[in-house]
Asks: 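Would you mind keeping the following structure in view while I ask a few things?
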Amino acid sequence: MDRMKLTKDLIAASATPLILSLLEEGESYGYAIMRRVRELSGGDIAWTDGMLYPVLHRLEAQGLIQARWGQSETGRKRKYYALRASGKKALREQKEQWSVVQQTLARLWGAQHA
Amino acid sequence: MRDIERRIAEWRRTLAENAGCTDDVLDELESHLRDEVDRLVQAGESEGRALDLALARLGTPKALGAEFAKLERDRAATWLPVRLAHALLLALAAALVGYCVARLQDGRSSVLLASHVVAVTLGYGATLLVGGLAFCYVAARAFNAPRPAQLEALTRAVLVMTGLALAATLLGVLLGGVWARDHLGRLWGWDPKETGGAIVLAWDAIMILFCWRRPSHTHAAMLLAFAGNAIVATAWLGPNLLADGLHAYGAPGQTLLGFVLLAHAAMLALGLAPAGWLRRAAISGR
C-alpha cells in the first residue's frame, strides 16, 4: 500500500494542536517535538523540519508558549519551549474544536457504512 | 569534521543573506541540524552524507525564508477596525483644527482657549476610540476567537492611541490651567470638569502601564478600555448635568450618559463570555 500523504492544509492546521499537546507533557525543543510527532503518527505526519520553527515562533508571539535558551546533554546550545497558561486555555479550545470535527466525521462515515 | 563545520558556517551565511534569518533563528536551526546529523551518524551514515540528508530535511533557504517572511507579514498586518480608528482620529484632529480656526477668525475664541478645546477633545476622543476598538473586539470575538495578528495590531494601536490621548489631554489641561489663571485668577480649582480631566489623565496612564507591562493580555486591556470609555463619558458629559460649575451648560445629557454607561456595562458582560459563543449558539440552535 502507498504511504498515506496528508495534504499541506491539514498538516498546517494540525500543527498548533500537536505542538501545544506535546508541550502539555512538559518542556521540549524543536527537534524533539518533530521526532515525537513523526513517531506518534507512524511517519505519516512528516513536517519539513524547518517549517516547524516559524510555527513555534508564531505561538511564542501569540503568548501561548514561552522560550528559553538552555543546554543539551552534550553541552550544545538549545532553545526550549514551555506551555503558558494562555496556551493551556488555547489547547482546551483546540481540543473542543477538533473533537467536533472528529465526532461529526465519525457520525457521517458511521451512517454511510451502516 | 572541519569540512562539516565549514559547510555549516556556509549554510548559516546563505540563510542569513537569502532568508534574512536572525542569529537567534540561525542558532536554533543549527541546533536542530546538528541533532539530526548526530542521529544519522549513529544510525551508520557518514558525516558528509548525514549533513546532506539533514540539510535536505530542514528545507531550502528559499522555502525557509518564505515561511519566516510570512511570520513578519502577519506581525505587520493591521486589523480593519484599527485602521478605521486611526483614520477617525486623523479626521477628528482635522475637524477640530478647522472648527477652531473658524472660531478664531470670527473672533469668538482666543488662541489659548481654542488650543485647550482642540487638545482636550483630541485626548478624550483618542481614549474613546480605544473604547470603540474594544466594542469591535468584543463583537468580533463573539463570533470567532481573534487571530494573533489582530491581537498584536490591537495592542500596538491601544498603546499608541492611549499615549496620544495622555499627551493631548495633559496639554489641554495645562492650557486650560493657563487660561483659568489669566481669566479666573487661579490655575486649578477642582471644578467638576477639571477633576474629570485629571481622572482621564490618571486612567490613560494606568492603561499605558498595563499595555506596556502586559503586552500579551489584550483581552484584559480591551475590557479595561470599557472602563476608560465610561470614565471619559462621565468626565465629559457629567459636569454638564450639574447645576453650577465652569462647564455647566445645562445640556440635556442625562439620558445620553445613562445610555452610554448601560451600553458599556452590557458590552463588558459580553466580553466576559467565551470567544465564539454566539457562533456556537447559532450552530446549536439550528
Side-chain angles (χ1 to χ4, degrees), chain A residues 8 11-12 15-16 28-36 38-39 43 46-81 84-87 89-94 96-97 99-101 103-104, chain B residues 11 15 19 21-39 53-75 144-152 155 214-220 274-277 279-280 283-284:
Chain A
K8 214 176 152 189
I11 286 193
T16 297
S28 192
Y29 54 99
Y31 185 74
I33 292 171
M34 186 215 65
R35 295 291 307 166
R36 186 118 166 83
R38 195 166 287 177
E39 176 196 311
W47 294 325
T48 307
D49 293 11
M51 301 308 153
L52 168 67
Y53 292 94
V55 183
L56 282 169
H57 292 192
R58 183 168 287 142
L59 293 174
E60 190 190 356
Q62 289 166 15
L64 302 183
I65 60 176
Q66 60 188 6
R68 70 164 183 91
W69 280 104
Q71 272 192 342
S72 70
E73 49 286 356
T74 55
R76 197 183 292 154
K77 200 176 163 191
R78 183 179 274 166
K79 200 173 188 180
Y80 290 91
Y81 295 91
R84 296 176 68 155
S86 49
K89 200 175 147 212
L91 178 59
R92 275 199 300 277
E93 286 170 7
Q94 286 270 344
E96 279 175 27
Q97 290 175 23
S99 297
V100 170
V101 175
Q103 284 166 15
T104 310
Chain B
W11 165 78
L15 263 184
C21 292
T22 60
D23 280 344
D24 198 65
V25 171
L26 290 173
D27 285 349
E28 192 176 19
L29 291 175
E30 183 183 326
S31 163
H32 181 111
L33 189 71
R34 288 181 185 274
D35 279 339
E36 179 71 348
V37 169
D38 286 353
R39 189 188 67 83
L53 288 171
L55 282 172
R57 281 181 189 163
L58 204 51
T60 62
K62 196 178 164 192
L64 277 171
E67 285 302 313
F68 280 104
K70 253 190 248 167
L71 200 64
E72 286 308 309
R73 267 203 304 279
D74 277 0
R75 276 183 193 166
N144 273 312
R147 285 185 296 109
Q150 290 173 345
L151 290 177
E152 281 181 46
T155 311
R214 300 267 188 275
S216 62
H217 290 51
T218 313
H219 181 66
W277 68 273
R279 184 172 40 89
R280 278 201 287 273
I283 291 168
S284 62

Asks: Need one label for B/Ala63: side chain, backbone, both or neither, based on atoms under 4.5 Å from any heavy atom in chain A.
Replies: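 The answer is both parts of B/Ala63.
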
Asks: Checking side chain to side chain contact (heavy atoms under 4.5 Å, CB included) for the pair B/Phe68/A/His57: CA distance, chi angles, key distance, verdict?
Replies: CA-CA 9 Å; B/Phe68 280 104; A/His57 292 192; 3.7 Å; yes

Asks: How long is the gap from OH on A/Tyr29 to NE2 on B/His32, to the nearest 0.5 Å?
Replies: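 Here the rounded value is 10.5 Å.
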
Asks: Drop me the distance from A/Tyr31's OH to B/Arg34's CZ, to the nearest 0.5 angstrom.
Replies: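 These two atoms lie 14.0 Å from each other.
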
Asks: Against chain A, label B/Glu36 side chain, backbone, both or neither, depending on which of its atoms sit under 4.5 Å from a heavy atom there.
Replies: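 Both parts, heavy atoms under 4.5 Å.
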
Asks: Only one of A/Arg78, A/Lys79, A/Lys77, A/Arg76 forms a salt bridge (Lys or Arg N to Asp or Glu O under 4.0 Å) with B/Asp27, so which one is it?
Replies: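 Per the salt bridge (Lys or Arg N to Asp or Glu O under 4.0 Å) rule, the option paired with B/Asp27 is A/Lys77, out of A/Arg78, A/Lys79, A/Lys77, A/Arg76.
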
Asks: Determine the option with the most heavy-atom pairs under 4.5 angstrom with chain A, choosing from B/Val25, B/Leu33, B/Leu29, B/Asp24.
Replies: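 Heavy-atom pair counts peak at B/Asp24.
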
Asks: For A/Arg35, is there an ion pair with B/Asp35 - N to carboxylate O distance below 4.0 angstrom?
Replies: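 Answer for the salt bridge query: no.
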
